[in-house]
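Both backbone and side-chain heavy atoms feed into the values below; hydrogens, waters and symmetry mates do not. Numbers restart at 1 for each chain; the letters A, B, ... are given by sequence-line order, proteins then strands.
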Amino acid sequence: MSTIIEPLRGVHDILPSGIGTWQFLERTTREVFAAYGYEEFRVPIIEQTQLFKRSIGDFTDIVEKEMFSFVDQGEDHITLRPEATAGIARAMISNGLLRGARQRVWCMGPMFRRERPQAGRYRQFHQIDAEAFGFEGPDVDAEIILLSARLLRRLGLTGVKLHLNSLGTPASRASYRERLIGYFSAYESQLDEDSRRRLHANPLRILDSKHPETQRIVAGAPHLGESLDPESRAHFEALCARLRAAGIEYHVDHRLVRGLDYYTRTVFEWITDSLGAQSTVCAGGRYDGLVEQLGGPPTPGIGWAMGQERIVMLLEQLGRHDGLQSPDVFLVASGERAQAFALELAERLREGSPRLRLQVNLGGGNFKAQFKRADKSGARYALVLGDEEVGRGVVALKDLRGDQAQVDCPAEEIGGRLSVLLGLDEGNTGKS
RNA sequence: GUGGACGUAGCUCAGCUGGUAGAGCCCCGGAUUGUGAUUCCGGCCGUCGCGGGUUCGAGUCCCGUCGUCCACCCCA
């Protein structure tokens, strides 16, 4: 026996037994995006390393120490995407979709970050992304937040709270940065080690330090809001008004900042207290300079990303998921003639009822063993085919979940019979 | 990346102060030869995460390593 190959650190398998939660999330996601006129967009998982350096920022933690980057055999510098926005912006530019046009799209898929794993934080994880390009005003900020709110509500996640802030324009952010450095420098010796390191690299991050001593100092720090330029302030206030009008509760949190450099003006997070340290379930904001920074036409943008694993954990806590997709019918076949006929009969039934979910016993076994499998499959009905039935041209129909007696049915009528019993001809979507 | 807890059959776990491993569930088979989910009987499964050390002897002690989890960090 050779040694077992272990999965890589921080990646995980999603098994059939757990897939129902993912399917519920993904189905609901598609429905909600469709309701807002957002179209699905699929972009590559690998991109040029340069894309992420230029968009996320050279000195962010993601780019500095968390990217899976490599040089391929043709010597291209490649990175597994750590987030989706950069790739979507790149694709918008590559395909010439922003020439005066506006785009509202969404995307779903795996992302990669080489972090130390923890529950809710993995090296391969999945995000749902919403992005809108070409909209200047606060109406799109409101819409995209309302969209996230509706999705969370449709999922049944009511315990999440919306935190909101505005980072202002790059210019007002820069002036705020200077004020912060001035303020914190006076307390430099009292700051914790991490915050001291960030003082000149990224002083905004000191604001959300969890260090108690530092927090006391942060309490007296100047507010981002005070440094906001008038236009950003008006934009933010208009957004807040729209959220209030829509009945969305929010907290303005002046300490809310983002780890990716491309954000401007509006930033927001949906936060839960049910997941320990991994409390952010959805986060996003405006990135008005990003497209231009990537060589495209000046185009405002806004978007958010939702962590699917984190959402799935919340859904599992609530027991919300799509039901198991058990077969409707399990076909039991024992005996030489019966087994030879079984696959043929099954194909005929599937041909006649495309929505029928029919599982055929494989690998033989006596009737007892096959009925055990039929029961375990979750099927509602069993079709029983022995040489005796084949000889008489019938199939026995047994109700595995009720007390209807087993009955024989002519082989050519069984398809119609099942369709009636299972309601397959009523044109619904298979949910019953 | 830093600190800490944990790591025993596929799963959930027991195994006292060191003496070469157990239970339940699952799975497979049987209870007069064609019928499941209950019951009864029987069976399979582990180099006790991996490597080294201490010891006559280690799942049980020590060190290292890998992994999971918690907090920090970061972030979705």
**4.5 Å side-chain heavy-atom contact, A:Q359 and A:R373** = no
**Request:** Mark yes when over 12 heavy atoms from residues, nucleotides or ligands other than A:E64 sit less than 6.0 Å from its CD; otherwise mark no.
**Result:** yes
**Message:** Let's see if you can work this out: which of B:U68, B:C72, B:G30 has an atom nearest to the side-chain heavy atoms of A:R121?
**Reply:** B:C72
**Message:** Tell me whether the side-chain N or O atoms of A:E389 pair up with the base of B:G34 as donor and acceptor below 3.5 Å, since no angle test is needed here.
**Reply:** yes
**Asked** What interatomic distance, in whole Å, is found between P of B:C63 and the corresponding atom of B:G7?
**Response** 15 Å
**Message:** Is the ring pair A:Y287/A:F133 parallel, tilted or perpendicular, if the boundaries are 30 and 60 degrees?
**Reply:** perpendicular
**Prompt:** Any sub-3.5 Å donor-acceptor pair from A:R177's side-chain atoms to A:P203's backbone N or O?
**Reply:** no
**Item:** Shortest side-chain distance from A:Q118, nucleotide among B:A37, B:U35, B:A71
**Value:** B:A71
**Message:** Can you check the distance between B:U47 and B:A31, where both ends of the measurement are the C1' atom (answer in whole Å)?
**Reply:** 37 Å
**Asked** Is there ring stacking between A:F367 and B:G34, where the centres must be under 5.5 angstrom apart and the planes under 30 degrees?
**Response** yes
**Nearest to side-chain heavy atoms of A:R205, which nucleotide of B:G67, B:C75, B:G34** = B:C75
**Heavy atoms of other groups near A:R114 CZ, more than 12 under 6.0 Å** = no
**Message:** Among B:C75, B:C73, B:C70, which nucleotide has an atom closest to any side-chain atom of A:A119?
**Reply:** B:C70
**Request:** If a protein heavy atom is under 4.0 Å from the base, mark B; if only from the sugar-phosphate, S; if neither, -; do that for nucleotides 39-52 of chain B going 5' to 3'.
**Result:** --------------
**Prompt:** Among B:U68, B:A31, B:A76, which is the nearest nucleotide to the side chain of A:K368?
**Reply:** B:A31
**Request:** Just compare B:A76, B:U68, B:G36 and give me whichever is closest to any side-chain atom of A:R9.
**Result:** B:U68
**Message:** Please pick, from B:U35, B:C72, B:A76, the nucleotide with the shortest atom-to-atom distance to any side-chain atom of A:A277.
**Reply:** B:C72
**Request:** With a 4.0 Å heavy-atom cut-off, tell me which residues in residues 312-321 of chain A come close to RNA chain B, sorted by residue number.
**Result:** none
**Request:** Give the B/S/- string for nucleotides 2-9 of chain B, one per nucleotide from 5' to 3', where a protein heavy atom under 4.0 Å of the base yields B, of only the sugar-phosphate yields S, and otherwise -.
**Result:** BBB-----
**Request:** Please state whether the rings of A:Y187 and A:Y183 are parallel, tilted or perpendicular, taking 30° and 60° as the class boundaries.
**Result:** tilted
**Prompt:** B:C48 pairs with which nucleotide, Watson-Crick or G-U wobble, both distances below 3.5 Å?
**Reply:** none
**Item:** Which nucleotide in B:A76, B:A37, B:U35 has an atom nearest any side-chain atom of A:D375
**Value:** B:A37
**Item:** Phosphate-side-chain proximity, A:R310 and B:A76, N/O vs OP1/OP2 below 4.0 Å
**Value:** no
**Request:** Using a strict cut-off of less than 4.0 Å between a Lys/Arg side-chain nitrogen and an Asp/Glu carboxylate oxygen, indicate whether A:R357 and A:D328 qualify as a salt bridge.
**Result:** yes
**Asked** Mind checking who B:U32 pairs with, Watson-Crick or G-U wobble, both distances under 3.5 Å?
**Response** none
**Message:** Between B:G49 and B:U8, how many Å separate the two C1' atoms, rounded to a whole number?
**Reply:** 10 Å
**Request:** Counting Watson-Crick and G-U wobble pairs only, both distances under 3.5 Å, name the nucleotide matched with B:G59, or none.
**Result:** none
**Message:** Can a donor-acceptor pair be found, under 3.5 Å and without considering hydrogens, that links the side chain of A:R320 to the backbone of A:L315?
**Reply:** no
**Request:** Consider the side chain of A:K398, meaning its heavy atoms from C-beta on, and name the nucleotide among B:C69, B:G34, B:G36 that approaches it most closely.
**Result:** B:G36
**Request:** Would you indicate which nucleotide in B:A76, B:C73, B:C28 comes nearest to any side-chain atom of A:K210?
**Result:** B:C73
**Prompt:** Are A:R392 and A:E388 close enough for a salt bridge, meaning some N to O gap below 4.0 Å?
**Reply:** yes
**Asked** For B:C6, which nucleotide in any strand shown is its Watson-Crick or wobble partner with both distances under 3.5 Å?
**Response** B:G67
**Message:** Less than 4.5 Å apart, side chain to side chain, heavy atoms only: is that true for A:R265 and A:L239?
**Reply:** no
